[in-house]
Amino acid sequence: MTTAKSCWLLKSEPDTYSFDDLMRDGETLWDGVRNAQAANNLRAMAVGDPALFYHSGAGPGVVGLAEVSAPACPDPGDASGRFVAIRIRPVRRLARPVSLADIKAQPGLAGMALVRQGRLSVSPVSAEEWALILQMAGT
DNA sequence: GCCAACGTTGGC
DNA sequence: GCCAACGTTGGC
């Protein structure tokens, strides 16, 4: 029996770590998450799960696709032991970025965790939402 | 720069 | 255990 992969959305301030940085690095440790709900989402990720790479800040939106390359491990920067990190690698840049405004204007995406919980930095994306966003990106 | 949302901290 | 104060995130 095959299990469908879960899809995710990862937020980053491009000034801190951009999709270009990920393309350049080839792989990175996704650490520094300090929110219990986001950490739970990280724990639920499996190697090979696809993720939308989202830039927050000015001109917020989804800019690229990434993929989980290593499962959750303790965040090396966290002394409390409560938080975890994963590894991701870049897949490709989107043909056209999908802005937050585009997402909000799309009725089919009104239920996205990104929209409903603006501050959550690691969130699940349904298969339907994933397909819609790729379509909007002119994939 | 402002503000809303929301998590965390600390007094009680 | 409640709640006010405060800090942070992130959109605009």
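The chains referred to below are lettered A, B, ... by the order of the sequence lines, with proteins before strands, and numbering in each begins at 1. Being a predicted model, the structure only gives us computed values, none of them experimental.
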Between A:W30 and A:F53, what is the ring plane arrangement, given parallel below 30°, perpendicular above 60°, and tilted in between?
perpendicular
Any salt bridge (charged side-chain N to carboxylate O under 4.0 Å, His left out) involving residues 58-72 of chain A? Give me the pairs, sequence neighbours left out, ordered by first then second residue.
A:E67-A:R89
Donor + acceptor pair across side chains of A:N41, A:W8 (<3.5 Å):
no
Considering residues at least two apart in sequence or located in another chain, which fulfil the side chain to side chain contact (heavy atoms under 4.5 Å, CB included) criterion with A:D102?
A:V98, A:S99, A:M136
Protein proximity profile, nucleotides 5-12 of chain C - base contact B, sugar-phosphate-only contact S, no contact -, cut-off 4.0 Å on heavy atoms:
--BBBSSS
Just wondering, more than 12 heavy atoms not from A:R24 lying within 6.0 Å of its CZ?
yes
